[in-house]
Amino acid sequence: MDYTNQRPPQNYSQMDDQKTQDLEESVSETIMRDLKMIAYKLKYVLIPKEQEDNGKELRNWDLWGPLIFCLVLAMTLSFKAESTTTSTKSDVFAIIFVLIWVGAFIVTLNAQLLGGKVSFFQSVCLLGYCVFPINIEAIIIAFFGSYLPFLVKLIPVFLCFAWSAYSSVGFMASLVPPHKKKLAVYPVFLFYLFLSWFSLIV
Amino acid sequence: MQNFGSNDDLDEKGHVMTEQPKIKVKFEPKPKPSACPICTVEYYQKFFDIEQRDVYMRVRCSLLSWKPEFQQCVAKNPDLWGPLWISTTIIFILFAGGNLSRFLLEEDKKHFQYEYNYMYVAVFLVYAMAFVIPIILGVIMKYILKSELGVFDIVCMYGYSLSVYIFVLILCIIPYNEAQWFFLMSGLANSTIFLLVNLWDFIKKSKPALMIAIPIIVFNVALILCFKFYFFRLIYAVDD
């Protein structure tokens, strides 16, 4: 059975059927299905022209994607962190992990306090998916950073930061009234700046 | 005579009820008052009821610190957006700028060790200065010294008083001792004058109120000393 294009279930009997089918399918099928869903959402979030329905797809939020990107980023940066002891590596891992989740929480809370009517997890989901370009930049710098002069390293860092910020800003700005847009968007900008800075310096 | 064997529906007076059209009434329960009003998002929404133009005006008021216009700027609408994001920006600048300043002085740039402790210390220091200290001072001023200003007015004022440090700390990245002291002293003067000028109406009232000026000055001085001696200390390479 092909589950890749399956829409989310509309009623309880369909959910029950799906649950039985989920239990019967193999682990690899379940994992592939979840990975395809993450890939679909990623494309949706990061490529703006896919968003024809103004972000309705984000109602099917999930935190698997954000968790994977957060872990990959934290592991890339802590692996790259130079140190003679393991404490710096674990420092970096802890800082990145906490920064992403607490940062996403505070940015979302900020949008809600400014009067934005958004589901909390929808927003955290979006911010988490937009961490993906920072992942790309961290991997580029981790592998090629030592061969590149500092100014050349700034180019992918800046481009990926701009990509992350641009993808999430559209959504965040649409949540709040027009005269509060910059107040909702600035924390997003600061959040991705923090993460980009980390991937540059480590 | 009442007919108890009937299948008709009876209301409480024993009258037979005819078939009433069912009217759908939306029952909306009254929102229960929360056990902890200060813990809800709704309580804090009133402190984010500002526009981007207001934030710009308030920052401008704090930079032109000698003019006692801040209360007019705030117009009884203290906000927490400013204190929160100004202090978070300062944390980023301390972390990034402090390390950058050390990097510029470092001779062996290839093996530069980034100090991640700057992050923890910056978070502790800046959030203590922006929130903990003004809350304590605000509570003392309001409940013991009977000030008209509320606790959140003081938090708002302290938060915006830190806005000058955004510019000062960026300039402190320049790794020259005299330059750093000059910028930090200007920042200290600006920030302290701002606080004292705007609280002057309260401070001049009585001797105990005058005492409040002392912790304000002391904490500001302590802050810039921490900035200088922890984040921007200039350690020159010493030949062994």
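Just so it is clear: chains get the letters A, B, ... in the order the sequence lines come, proteins before strands, and each one is counted from 1. Fair warning: this is a prediction, and the values are worked out from it, not measured in the lab.
- With values rounded to the nearest 0.5 angstrom, A/L113 atom CG is found 11.5 Å from B/K46 atom NZ.
- Here the two rings, on B/F92 and A/F191, have centers that are 6.0 Å apart or farther.
- In this structure, B/T88 and A/L190 have side chains that are in contact, with non-hydrogen atoms separated by less than 4.5 Å.
- By a heavy-atom distance cut of under 4.5 Å, not one residue of residues 148-173 of chain B is near chain A.
- No more than 12 heavy-atom neighbours from other residues, nucleotides or ligands sit within 6.0 angstrom of CH2 on A/W64.
- Both the backbone and the side chain of B/I50 come within contact range of chain A, each with at least one heavy atom under 4.5 Å from a heavy atom of that chain.
- Atom CG of B/L84 sits about 6.5 Å away from atom CD1 of A/I106, to the nearest 0.5 Å.
- Side chains of A/Y186 and B/T89 form a contact here, defined as non-hydrogen atoms less than 4.5 Å apart.
- Side-chain contact between A/N110 and B/F48 is present, with at least one heavy-atom pair separated by less than 4.5 Å.
- Within the 3.5 Å criterion, the main-chain N or O of A/Q112 finds a donor-acceptor partner in the side chain of B/Q45.
- When heavy atoms are compared at a cutoff of 4.5 Å, B/D49 approaches chain A by way of both its backbone and its side chain.
- Counting heavy atoms from C-beta on, the side chains of A/F198 and B/Y114 never come closer than 4.5 Å.
- Interatomic distance, A/D91 CG to B/E115 CD, rounded to the nearest 0.5 Å: 10.5 Å.
- Using a 4.5 Å heavy-atom cut-off against chain A, the contacting residues of residues 117-126 of chain B are B/M119, B/Y120.
- One finds the CZ atom of B/F95 at 9.0 Å from the CH2 atom of A/W197 (value rounded to the nearest 0.5 Å).
- Contacts with chain B (heavy atom to heavy atom, under 4.5 Å) involve no residue of residues 132-144 of chain A.
- Scanning residues 173-183 of chain A against chain B with a 4.5 Å heavy-atom cutoff picks out A/P178, A/H179, A/K180, A/K181, A/K182, A/L183, ordered by number.
- In terms of non-hydrogen atom pairs under 4.5 Å with chain A, the most contact-rich of B/W81, B/Y44, B/F103 is B/W81.
- Contacts of A/L109 with chain B are made by side-chain atoms alone, with heavy-atom separations under 4.5 Å and no backbone atom involved.
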